[in-house]
2 protein chains.
Amino acid sequence: MIKTAKVNHTLRPLDADEQRLAQMLKALGNPVRFHIVQVLAERKMCITGELVEFTTLAQSTVSQHLKVLREAGLIEGEVEGPATCYCLNEAGIRWLKERIGGWLAGCCGDAAAAAPSDGDPACCK
Amino acid sequence: MIKTAKVNHTLRPLDADEQRLAQMLKALGNPVRFHIVQVLAERKMCITGELVEFTTLAQSTVSQHLKVLREAGLIEGEVEGPATCYCLNEAGIRWLKERIGGWLAGCCGDAAAAAPSDGDPACCK
DNA sequence: AGGTTTTATCGTAAAATTACGATATAAGGA
DNA sequence: TCCTTATATCGTAATTTTACGATAAAACCT
């Protein structure tokens, strides 16, 4: 329950890209889902049942996790008979990498633009 | 309550780097914390009270969120009098970017190594 | 010394997430 | 047709996370 009495100064609404990034990070922020995408990267593709075998969770739980990853645009599934075969969503992963690479600009600026005077730049100076 | 009866095949334990990455993703997977790091990137530094003003949350809540970010290695705080001044942890952010950049290798291979025969590569082929 | 500001931490309630079993549905086989 | 396999979804319980108020402690000021 968020108090509305406090004036919200600068927390501007997230634009579409930021929302997408936040959704991806949230999806990956769960240990099981973190694992799943790694497994998919290694194996290239898995059917639901295989992922169920890899984890120690119920099939329904894995299915839910897959849904979160799917909706975040990190994986995609193709129905093959009664099974569903999942793999990473390459476009989504690429987007994530590019987005993170440019995220929080001004923090890790170009080495040419930011010449560290010390090996240990002061935190709050 | 995770069932232990199921054989855990290939979910190998995460190594230290993977654990660190998972922790960072988890920290960033919360909307408030996502916002905080963006604010810190824009403003370079903030004291706790300022971040409290930016959000609509209680001070104690913000403090908790800051703790999660701090422990994940994404921000750092320096005590100045009664206040604490926070900024992004540049080394941690840089590490995150590099790690994400190389994560899930084999998925977004080099364009030279993976020549797409179609504009829309099959998912589970 | 007393008062004010600031904040991290604690305890707890509320909210959100994750886990599970049940089940309907689709696909495939005998 | 019946049976089996596979899975997404639903309802719900369990667990975790997030929110809040209270408070102790540190720093600063009068």
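Throughout, a chain's letter reflects where its sequence line sits, starting with A, and its residues are numbered from 1. In this text, all values refer to a predicted model and were calculated from it rather than measured experimentally. No hydrogens, no waters, no symmetry mates; every other heavy atom, side chains included, goes into these values.
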- Item | side-chain contact (heavy atoms from CB on, under 4.5 Å) partners for B:T61, two or more places apart | B:L57, B:A58, B:H65

- Task: May I ask you to evaluate whether A:N30 reaches the phosphate of C:dT18, defined as a side-chain N or O under 4.0 Å from OP1 or OP2?
- Result: yes

- Measure the distance from CD on B:E80 to P on D:dA26 and round it to the nearest whole Å. 18 Å

- Figure out the CD/C1' separation between B:E53 and C:dT7, and round it to whole Å. 14 Å

- Would you please name every residue forming a side-chain contact (heavy atoms from CB on, under 4.5 Å) with A:Q19, sequence neighbours left out? A:L14

- For C:dA16, take OP1 and OP2 only and decide whether either is under 4.0 Å from a side-chain N or O of A:K26. no

- Here the distance between atom P of D:dT17 and atom CD of B:Q23, to the nearest Å, is 12 Å

- Item | Atom pair distance, as rounded to whole Å: CD in A:E71 and C1' in C:dT17 | 14 Å

- Task: Kindly write out the residues that satisfy side-chain contact (heavy atoms from CB on, under 4.5 Å) with B:S63, not counting sequence neighbours, or none if the list is empty.
- Result: B:Q59

- Sequence neighbours excluded, the answer for side-chain contact (heavy atoms from CB on, under 4.5 Å) partners of B:A83 is B:I47

- Message: Distance check, rounded to the nearest 0.5 Å: A:L40 atom CG versus A:H35 atom NE2?
- Response: 12.0 Å

- Task: For A:E98, enumerate each residue passing the salt bridge (Lys or Arg N to Asp or Glu O under 4.0 Å) test, keeping only those at least two apart in sequence or located in another chain.
- Result: none

- Task: Could you state the atom-to-atom distance from CG of B:L28 to P of D:dT18 in whole Å?
- Result: 12 Å

- B:L57 side-chain proximity, nearest of D:dC20, D:dT18, C:dA19: D:dC20

- Query: Does A:H65 put a side-chain nitrogen or oxygen below 4.0 Å from OP1 or OP2 of C:dA19?
  - Reply: yes

List every contact pair, protein side and nucleotides 7-11 of chain D side both N or O, where the distance is under 3.5 Å.
residue, atom, partner, partner atom, Å
D:dT7, OP1, A:T48, N, 3.0
D:dT7, OP1, A:T48, OG1, 3.4
D:dT7, OP1, A:G49, N, 3.4
D:dT7, OP1, A:T84, N, 3.4
D:dT7, OP2, A:G49, N, 2.9
D:dA8, OP1, A:T84, OG1, 3.2
D:dA8, OP1, A:Y86, OH, 2.8
D:dA8, OP2, A:S63, OG, 2.1
D:dA8, N7, A:Q59, NE2, 2.9
D:dA8, N6, A:Q59, OE1, 3.1

